[in-house]
Every structure is written in C-alpha cells, then in structure tokens.
Amino acid sequence: MLRLVPSLLSRLGLLLAVALLIVWSLGPVYWSFVTSITPPLDLFGDTSFWPKHPTLQHYAKLFGATSLSQGNAVQSVWPQFSAALVNSIVTAAGATLVTVVVAAAGAYAFVRMKFPGRDICFYLVVATLAIPAYTVMIPLYRLMISLRLIDTYVGIVLIYVSAFLPLALWLMRSVYQAMPISLEEAAWLDGAGRVYTLVFIVLPLAAPGLIASAILTFLNAWGQFMVPLVFSPTLATKPLTVLLPEFVTRNYVDYGLMNAAGIFAIVPPVLIVLFLNRYLVSGLMAGATK
C-alpha cells in the first residue's frame, strides 16, 4: 500500500501540471472568445466566465453588417479585414514556398556536395539566427527604400525568407545527413543526374522534413508583427497582425471586434497544427537518428 502512494502522488502532480499548462495556454484564447460574443455594454460591467446575453454582432460587423456605437452607425470593417487577410495569406504562403525550395536545394548542397568553406558558410548562415531583428531594422529599411520594395509583397517575402531560411536549412541538413547515400549512388550508376536524384528520390524521402520546415515558416510568418508594422505602412500589404490593433480609435476601443477578428485570425494556424502536427513531429525527429 505504501508503494502505491509515491506513484499516485506522481500521477496527481503530472495531471496538475498538465491542467495548469492547458489553462495557461488556452485560457487567453477562451477569454478572447468570450469577449467576442459579449455585447458592448456588458463588456464594461461585471465580468464572468460566460456572457449572460451572448451575441454574434461583433462577428456580423466583421463580416459585413453595420452596427451602432454610442448611438452612431458604424460601417463594417470587412473591406479592411478581407484585404489584410489576403495579405497575410499571400506573404506567409509566399515566404513558405520560397524558404522550403531554397532550403531543400541549399541543404542538399551543404550535405552532398564538396566545396571550399562548406561548413563555414553553413555555420555563418545559421549563426544569423542569433542576431536580434531590431539591430538590422534600420539598415534593412534603408536597403528596402533604395530597392523600392517598401509596401510590396516581394519586399515582405524576401525579409521573411532571410529570417526563416537559416532554421529551415539547419532542419533539412539534419534530415539529409540521416538519409543513406546508397539510394542516390544507385541512381547515379543508372545515369541519373543530381537534379533528378534530388527531385524524384531524395525529396520524397525527406517529405517530413519539408513539411516541418513549411509549417514552422508559415506559422512564424503568419504571426509577424514588427516587420510588417515597419515595412507595410498601407493596406496594400498590411497583414492581420497589424490591422487588429488599429481597431483602437481615439475615443473608443472596440474590444469585441478586436477579439472576434483575433479568433478568426488564429483559425488558419490552428488548423495547420491540428492536421499536420504528426508531420511536424516526425520532421523534427528525422535527423535525430541515423
């Protein structure tokens, strides 16, 4: 009986830790959802874990309906929200595509090809992960101005690629190092070139690593705030992360609308994590063993 006590206590401690982690992680999301379905007048009253009179008026305003604020008609924010949503999708997807393609080819070159300074070049690229973003913000801004890439999709995507490519390179290099070279040598003996071998033999086997790199890049690009705040001054390229704080006006803060838009904005990354989580785990573990 005494032996069961430590085991029971350890399980209870583990359950308590998991419960605290869930509350810590999902608590803000739940509170944001509750705020998004709470009427404006109730937001300034007594707070509760569930609104007494749930409403979808904040979502209606977000998706096209007009509303009243302090007796004045307020137009829908859907035109701005839809434009920012498209901007977020385009920049995040574009950065993901370019990063994965460059990382797949670059990491293969670092692993399978021999050239002077190969390891030094790789470590120098990966070392850029340690550079704080704000230290290069001013010179990067001057560079973007000289290239006329401010407030353009190309400029934002290039900045994202430069920020997330080192991590993708490191991940794909680990994946390639864990793969046996015998399959590639067999393809070379049959007359296949390096490009054919990479595309039709290596990349299908490295699919978990590619998917993991894509997921990490997309999530990081989707959640960026400082970069688009500086380099996307207009709605032409402004993403959701920059648009949502602008719902704060001079005399009124629309908490319900902000949280409704925030709940909708987290849907794409949540769906990606839910459906592709197993690929993310297998991709991160691909280079753990040889």
Side-chain angles (χ1 to χ4, degrees), residues 12 14-93 215 218-229 232-277:
L12 290 176
L14 179 61
L15 292 175
L16 180 60
V18 172
L20 291 175
L21 180 61
I22 292 176
V23 172
W24 178 265
S25 302
L26 300 182
V29 178
Y30 173 78
W31 195 254
S32 179
F33 173 72
V34 169
T35 305
S36 69
I37 60 174
T38 301
L41 295 178
D42 294 347
L43 288 173
F44 302 98
D46 295 333
T47 58
S48 60
F49 289 100
W50 187 256
K52 297 179 180 179
H53 307 94
T55 179
L56 296 178
Q57 70 178 75
H58 301 300
Y59 291 94
K61 179 181 177 181
L62 184 65
F63 291 107
T66 58
S67 61
L68 292 177
S69 174
Q70 299 179 352
N72 299 319
V74 179
Q75 296 297 321
S76 169
V77 297
W78 174 247
Q80 295 84 3
F81 182 82
S82 59
L85 176 62
V86 172
N87 293 336
S88 294
I89 294 175
V90 171
T91 54
I215 294 174
F218 184 86
L219 294 180
N220 284 321
W222 185 272
Q224 279 295 308
F225 177 76
M226 183 171 64
V227 169
L229 180 65
S232 299
T234 70
L235 201 57
T237 57
K238 183 179 298 182
L240 289 175
T241 51
V242 179
L243 179 69
L244 297 188
E246 295 181 357
F247 292 154
V248 178
T249 62
R250 188 172 186 178
N251 300 316
Y252 179 68
V253 180
D254 200 336
Y255 295 105
L257 180 62
M258 290 179 62
N259 285 275
I263 290 296
F264 187 82
I266 67 174
V267 170
V270 167
L271 292 178
I272 289 177
V273 172
L274 288 178
F275 290 103
L276 299 179
N277 180 61

Exercise answer: donor-acceptor pairs, residues 260-267 side-chain atoms, under 3.5 Å, sequence neighbours excluded:
none

key: Any side-chain heavy-atom pair of Leu240 and Phe81 under 4.5 Å   = yes
Summary of side chain to side chain donor-acceptor pair (under 3.5 Å) pairs that have at least one residue in residues 16-28, sequence neighbours excluded = none
task = Mind jotting down which residue pairs meet the salt bridge (Lys or Arg N to Asp or Glu O under 4.0 Å) criterion with at least one end in residues 232-241? Sequence neighbours excluded, please.
result = Lys238-Glu246
ask   = Does the side-chain contact (heavy atoms from CB on, under 4.5 Å) test come out yes or no for Trp222 and Ile89, once each step is laid out?
value = CA-CA 8 Å; Trp222 185 272; Ile89 294 175; 3.8 Å; yes
inquiry  = When you compare the side chain of His58 with that of Thr35, does any pair of heavy atoms fall below 4.5 Å?
reply    = no
query = Do Asn259 and Ser32 pass the side-chain hydrogen bond (donor to acceptor under 3.5 Å, both in side chains) test, and can you show the C-alpha distance, the side-chain angles, and the key distance before you say yes or no?
reply = CA-CA 5 Å; Asn259 285 275; Ser32 179; 2.8 Å; yes
ask   = In terms of ring plane angle, is the pair Trp50 and Phe33 parallel, tilted or perpendicular, where the classes change at 30° and 60°?
value = tilted
query = Should Leu56 and Ile37 count as side-chain neighbours, where that means a heavy-atom distance under 4.5 Å?
reply = yes
query = Would you say the side chain of Ser232 lies within less than 4.5 Å of the side chain of Asn87, judging by non-hydrogen atoms?
reply = no
ask   = So how far is it from Gln80 CD to Leu62 CG, rounded to the nearest 0.5 Å?
value = 10.5 Å
ask   = Between CG of Leu243 and CG of Leu235, what distance do you get to the nearest 0.5 Å?
value = 6.5 Å
ask   = Do other residues, nucleotides or ligands put more than 12 heavy atoms under 6.0 Å from Tyr255 OH?
value = no
request  = Kindly write out the residues that satisfy side chain to side chain contact (heavy atoms under 4.5 Å, CB included) with Ser82, not counting sequence neighbours, or none if the list is empty.
outcome  = Trp78
inquiry  = Quick test of your reading: applying salt bridge (Lys or Arg N to Asp or Glu O under 4.0 Å), list the pairs with at least one residue in residues 263-277, sequence neighbours left out, ordered by first then second residue.
reply    = none
ask   = Below 4.5 Å, heavy atoms only, C-beta onward: do Thr237 and Thr91 meet side chain to side chain?
value = no
query = Are side-chain heavy atoms of Ile215 and Leu219 found at a separation under 4.5 Å?
reply = yes
inquiry  = I'd like to check the side chain to side chain contact (heavy atoms under 4.5 Å, CB included) partners of Ile22; sequence neighbours left out, ordered by chain and number.
reply    = Val18, Leu26
remark   = Rounded to the nearest 0.5 angstrom, the CG-CG distance for Leu244 and Leu257 is 8.5 Å
